[in-house]
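Beneath this line is the structure, given in structure tokens, with notes to follow.
Below, chain A is the first sequence line, B the second, and so on; all start at residue 1.
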Number of protein chains: 2
Amino acid sequence: MAEYDKDRDYLGRLQDYYAESRRIPSLQRICELMGFASKTAARKLLLRLEGERFVERTPDDDAWIPAQRFFERALADHAVPAGMPVSAENGAEPFMVDDYIVQKPSRTVMIPVKGDSMINAGIHSGDIAVVERGTGASKGDFVVAIVDNEFTLKELGIERGKFILIPHNPAYPVIRPQGELEIFGVMVGLVRRYTH
Amino acid sequence: MAEYDKDRDYLGRLQDYYAESRRIPSLQRICELMGFASKTAARKLLLRLEGERFVERTPDDDAWIPAQRFFERALADHAVPAGMPVSAENGAEPFMVDDYIVQKPSRTVMIPVKGDSMINAGIHSGDIAVVERGTGASKGDFVVAIVDNEFTLKELGIERGKFILIPHNPAYPVIRPQGELEIFGVMVGLVRRYTH
DNA sequence: AACTATAGTGTTCGAACGCGCACCGGTCAA
DNA sequence: TTGACCGGTGCGCGTTCGAACACTATAGTT
């Protein structure tokens, strides 16, 4: 019973430390963090975590760094009922935020959203749009276009064979560009942060 | 002319190293990287970069870590005009969405949103809510509460000294729980993917 | 009961590390 | 011309670090 993995707990503390300090702490600090008395314990912990692909060595073998699985997050099943846990092992498949919204890292750009012209599509000022460049845009896509030397996020529409830009806010007019419409990229995701 | 800043070049090499190794190298390695003969040069470089907010110290002052501006090229500047580089070539994008929205990894759970009761707050069905557990919730926060054995995402309000749950959709009623209100966690972020 | 695997302790040691200090040689402004 | 500033050299010091080795205690296996 209560068969919870101690290493998961250790990993959690490492992840918390990393979120603050953006590095894997030294063996000595790991001891303080976990309550170990001996650096060997810390070292063995890292080796175990390496085996499970949570951490790895730098290419020059100088230090420990997080590996793929280090950034796994717990994804709750919305069926999960009142009982408590929803910890990583429980009703949760591993979920990586970055993999979820970024498909083509080399062609993906984050663009802060300014203004409320897309408010009715649930896109607010201050949100961050995940934009993929070099992908063909089609009718109905949300695209970042360049109009008057500025980025503009709108829905791409077609009217009489020509592209138009449709805001999702009745207070804004539809944009019917004359000549070429320069499309910067297609919006593939959105990230928003509350508070802080 | 062409008075280009040497430090920019150094910074670039640091960023390249970081893309591979996800850490700021030791003074010694910086010397190799930059061609310095003395560790002091490396140290002074870091101090200069710290002054410009490219790097900083960990909270426990143990080591150097990248700061905000270290990643700035990954974020497109909305003032940027048409031509613009936006660094598409440099494959490894240092900007991590995960870092951006997850502050306390060990206490953070991703919960898919079901239903449209928060549609007017720009939260759609199918979005993924980033929820932090064990954090005190206050009036005005979006919280995940447990009502009738199911997760419910609502705004936390207070009415006559009691907590209530306010939907952001006029079609839904305000929930006034009798007895204890079980709050699962506070919503700290949101992730959405546009599938195409 | 003996065997094995595993988490953690305690200690030692050499190498790597960060840091301070003295110094050097351009550049630029007073 | 002088002097301050600044990027860089060279070196030494004390500390920290990671790795290794021997050992302990507990749990699971046969």
Exercise. Just wondering, more than 12 heavy atoms not from A:E180 lying within 6.0 Å of its CD?
Worked result: no

Exercise. Is A:R29 paired with A:E32 through a side-chain N to carboxylate O contact shorter than 4.0 Å?
Worked result: yes

Exercise. At under 4.0 Å, does any side-chain N or O of A:R29 touch on OP1 or OP2 of D:dG18?
Worked result: no

Problem set entry | B:D141 and A:Y194: side chain donor to acceptor below 3.5 Å | no

For this session: Find the distance A:Y10:OH to C:dT6:C1' and express it as a whole number of Å.
Result: 13 Å

Problem set entry | Evaluation steps, side chain to side chain donor-acceptor pair (under 3.5 Å), between A:D16 and B:S106 | CA-CA 6 Å; A:D16 286 351; B:S106 66; 2.5 Å; yes

Exercise. Does NZ or CZ of A:R23 come closer than 6.0 Å to the centre of the six-membered ring of A:Y18, within 45° of the ring's axis?
Worked result: no

Exercise. Roughly how many Å is it from CH2 in A:W64 to C1' in D:dC17, rounded to a whole number?
Worked result: 14 Å

Exercise. Between D:dG10 atom C1' and B:L27 atom CG, what is the distance in whole Å?
Worked result: 15 Å

Exercise. How close or far is atom C1' of D:dT9 from atom CD1 of B:I30, stated in whole angstroms?
Worked result: 16 Å

For this session: Establish, with yes or no, whether the OP1 or OP2 oxygen of D:dA19 is under 4.0 angstrom from a side-chain nitrogen or oxygen of A:R43.
Result: yes

For this session: Give B:R57 one of three labels, base, sugar-phosphate or nothing, depending on what nucleic acid heavy atoms sit under 4.0 Å from its own.
Result: sugar-phosphate

Exercise. Between B:D116 and B:S125, is any side-chain donor less than 3.5 angstrom from a side-chain acceptor?
Worked result: no

Provide a list of protein-nucleic acid N or O atom pairs under 3.5 angstrom, restricted to nucleotides 21-27 of chain C.
none

For this session: Would you mind reading off the distance between B:L46 atom CG and D:dG7 atom C1', rounded to a whole angstrom?
Result: 14 Å

Exercise. Just how far, in rounded Å, is C1' of C:dT6 from CG of A:L47?
Worked result: 13 Å

Exercise. Hey, does the side-chain of B:S38 have a donor or acceptor N/O within less than 3.5 Å of a partner on the base of D:dG10?
Worked result: yes

For this session: Identify whether any heavy atom of B:A41 sits under 4.0 Å from a base atom; if not, whether one sits that close to sugar-phosphate; answer base, sugar-phosphate or nothing.
Result: base

For this session: Could you pick out which residue, B:A37 or B:D62, lies toward the 5' side of DNA chain D when each is mapped onto its nearest nucleotide?
Result: B:A37

For this session: Examine the side chains of A:D60 and B:Y17 and answer whether a donor and an acceptor come within less than 3.5 Å of each other.
Result: yes

For this session: Please state how far atom CD1 in B:I65 lies from atom C1' in C:dG18, giving the value in whole angstrom units.
Result: 17 Å

Problem set entry | Between P of C:dC19 and CG of B:L45, the distance in whole Å | 14 Å

For this session: Could you tell me whether the phosphate oxygens of D:dC17, OP1 or OP2, come under 4.0 Å of any side-chain nitrogen or oxygen in A:Q28?
Result: yes

For this session: Decide yes or no, distance alone: a donor-acceptor N/O pair under 3.5 angstrom between the base of C:dG18 and the side-chain of B:K39.
Result: yes

